[in-house]
K.L.:
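Input: one structure, supplied below.
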There are 2 protein chains.
Amino acid sequence: MPRQPAPGTRDKILGVASRLFYEHGVRAVGMSRIITEAGTGKNLLYQHFPTKSDLVAAYLEQAGERRRDATRRALAEAGNGAAGAAGPAGQLVAVVAEVGRLVERPGFRGCAFRNYLAEFPDDDSGRPDEDGSVPAVAPAVVAREYLAGSRQLIEGLVAELGVADPVRLTEQLWLLVDALYVQAAYREPADRHLGVEAAVALAQRLVAV
Amino acid sequence: MPRQPAPGTRDKILGVASRLFYEHGVRAVGMSRIITEAGTGKNLLYQHFPTKSDLVAAYLEQAGERRRDATRRALAEAGNGAAGAAGPAGQLVAVVAEVGRLVERPGFRGCAFRNYLAEFPDDDSGRPDEDGSVPAVAPAVVAREYLAGSRQLIEGLVAELGVADPVRLTEQLWLLVDALYVQAAYREPADRHLGVEAAVALAQRLVAV
DNA sequence: GTTGAAGCGGACCGAACGGTCCGCTACGGT
DNA sequence: ACCGTAGCGGACCGTTCGGTCCGCTTCAAC
């Protein structure tokens with residue numbers, strides 16, 4: 001039996017690429033730098049990710065998975081708060097508060113998906129390229145799907161809440177999430193907790209019947 | 001007397017560059033494309049803007065000027081609303097509503113300053129380059145100054161309002177502005193007015209004593 | 001009509017990009 | 001011990017980048 005490929009290579013490459021893409025922006029990071037910092041050969045990288053676009057899509061895919069996990073965890077903890085299940089009101093506040101905690105983490109540089117879409121406004125993914133080939137999974141598709149799913153989570157909880165104008169409330173809570181993310185993208189870390197506290201307080205006020 | 005330089009050249013170049021930078025992102029637009037679309041010679045462009053960084057800074061500078069003008073105009077109109085001067089409450093709502101109108105304009109692609117800072121997270125402007133030279137006015141400085149000034153406007157109006165917790169209210173209104181801008185950067189134009197209406201309604205509720 | 005600067009735009013430069021190919025080393029299976 | 005493949009990493013390719021230089025045309029001033 002021939003030799004086997006080393007396991008974990010893909011994860012190592014993807015980990016390095018994710019860190020660099022997130023910290024410096026996708027366009028600012030070249031493939032050669034990823035290869036150098038990952039300590040792997042060029043062959044290996046292009047074997048796992050045939051093009052840079054594939055690597056970027058995998059980066060966003062992984063980031064989305066982690067965000068969804070963190071959100072689920074926050075909802076579970078909110079459910080176990082004190083005694084028994086928190087209602088949808090508490091869960092909505094928990095969602096906003098979880099984003100707030102994320103935003104205050106050092107090194108946090110904004111939402112990976114919103115940052116990507118800001119960096120590549122011309123990425124109209126899904127449509128085939130001019131040469132007829134269509135990329136396997138385009139980064140912009142992954143980003144938009146994450147954002148849509150995240151919004152639907154809030155939409156669902158608001159529906160459970162049974163409020164008079166659910167659309168309006170969904171919009172307002174979603175505005176808060178958007179705002180927290182974008183503040184993290186340009187505001188000094190020390191100033192961010194002011195915004196976080198203001199957002200959480202406002203969320204509590206909004207979900208209160 | 002020798003021939004005179006053609007007037008308006010700088011404005012034409014800056015106009016073309018601004019449109020392209022805003023629509024496609026700064027990194028995605030090369031100098032050659034600006035030159036082609038402006039119909040001017042390479043010499044002329046580099047005469048007015050020695051480096052791309054200078055051109056980008058001028059683009060943001062001009063965008064800031066226009067935003068400040070639009071905000072001033074909105075405040076003046078709010079002051080003349082119905083009969084006589086609107087109080088700070090009405091002016092704060094007017095500021096949010098003006099951003100809302102901007103966001104609903106077709107072709108609007110988000111805040112130029114927030115988009116730039118998302119695209120160039122490593123632009124630590126103001127500090128000299130490694131070769132000792134310091135750029136005249138770095139783009140990131142322009143962007144950060146605009147954002148700081150915009151926030152101070154809200155801060156001042158909130159102070160006039162004489163509310164119990166001015167810091168909290170300033171934060172919350174600033175969150176709304178942030179959110180409107182970022183939604184415009186990735187959301188479908190048709191869906192935006194939902195967010196705008198929600199934000200304006202929330203602003204009115206926040207400034208109501 | 002002559003002259004000289006203004007200005008268009010192509011040639012060119014070094015660097016960096018994404019991506020391909022391949023030679024060499026190192027190590028696991030038999 | 002001997003294969004043979006996995007894998008590191010450099011050579012290389014075509015393209016594009018920001019930026020410089022210059023030849024040629026055009027047109028205003030005299």
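Only heavy atoms go into these numbers, but all of them, side chains included; no hydrogens, no water, no symmetry mates. All values derive from a computational prediction rather than experimental measurement.
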K.L.:
Rounded to the nearest 0.5 Å, how far apart are CG of A/L157 and CG of A/L75?
P.N.:
6.5 Å

K.L.:
Could you pull out the protein-nucleic contacts involving nucleotides 17-23 of chain C (nitrogen or oxygen on both sides, under 3.5 Å)?
P.N.:
| unit_1 | atom_1 | unit_2 | atom_2 | d |
| --- | --- | --- | --- | --- |
| C/dG18 | OP1 | A/K52 | NZ | 2.6 |
| C/dG18 | OP2 | A/M31 | N | 2.8 |
| C/dG19 | OP2 | A/K52 | N | 2.7 |
| C/dG19 | O6 | A/K42 | NZ | 2.7 |
| C/dC21 | N4 | A/N43 | OD1 | 3.3 |
| C/dC22 | N4 | A/N43 | OD1 | 2.7 |
| C/dC22 | N4 | A/N43 | ND2 | 2.4 |

K.L.:
Rounded to the nearest angstrom, tell me the gap between atom CG in B/L44 and atom P in C/dA5.
P.N.:
16 Å

K.L.:
With sequence neighbours excluded, what pairs up with B/R33 under the salt bridge (charged side-chain N to carboxylate O under 4.0 Å, His left out) test?
P.N.:
B/E37

K.L.:
Test of understanding: with side-chain contact (heavy atoms from CB on, under 4.5 Å), list the residues that count as partners of A/E104, not counting sequence neighbours.
P.N.:
A/H193, A/V196

K.L.:
Taking ring-ring contact (aromatic ring centres under 6.0 Å, His included) as the test, write out the residues that go with A/F120, two or more places apart.
P.N.:
A/Y116

K.L.:
Distance check needed: D/dA6 P versus A/H48 NE2, whole Å only.
P.N.:
12 Å

K.L.:
How would you list, by chain and number, every residue that makes a ring-ring contact (aromatic ring centres under 6.0 Å, His included) with A/Y146, sequence neighbours excluded?
P.N.:
A/F113

K.L.:
Sequence neighbours excluded, which residues qualify as side chain to side chain donor-acceptor pair (under 3.5 Å) partners of A/R67?
P.N.:
A/E98, A/Y181

K.L.:
Pair up each side-chain donor or acceptor in residues 8-17 of chain A with any protein partner under 3.5 Å, not counting sequence neighbours, and list the distances.
P.N.:
| unit_1 | atom_1 | unit_2 | atom_2 | d |
| --- | --- | --- | --- | --- |
| A/T9 | OG1 | A/A6 | O | 3.0 |

K.L.:
Output all residues satisfying side chain to side chain donor-acceptor pair (under 3.5 Å) with B/Y22, sequence neighbours left out; order by chain, then residue number.
P.N.:
none

K.L.:
Could you list the residues that satisfy salt bridge (charged side-chain N to carboxylate O under 4.0 Å, His left out) with B/R68, not counting sequence neighbours?
P.N.:
B/E65

K.L.:
Using a cut-off of 4.0 Å on non-hydrogen atoms, how would the nucleic acid contact of B/T40 be classed: base, sugar-phosphate, or nothing?
P.N.:
sugar-phosphate

K.L.:
I'd like a table of donor-acceptor pairs (distance under 3.5 Å, sequence neighbours excluded) in which one partner is a side-chain atom from residues 88-95 of chain A, with atom names and distances.
P.N.:
none

K.L.:
Taking five pairs at each end, how big is the angle between the two axes of the helix from C/dG1-D/dC30 to C/dT30-D/dA1, to 10°?
P.N.:
0°

K.L.:
Between P on D/dG19 and CD1 on B/I35, what's the gap in Å once rounded to a whole number?
P.N.:
10 Å

K.L.:
Give, ordered by number, those residues of residues 8-16 of chain B having at least one heavy-atom distance below 4.0 Å to an atom of DNA chain D; if nothing qualifies, reply none.
P.N.:
none

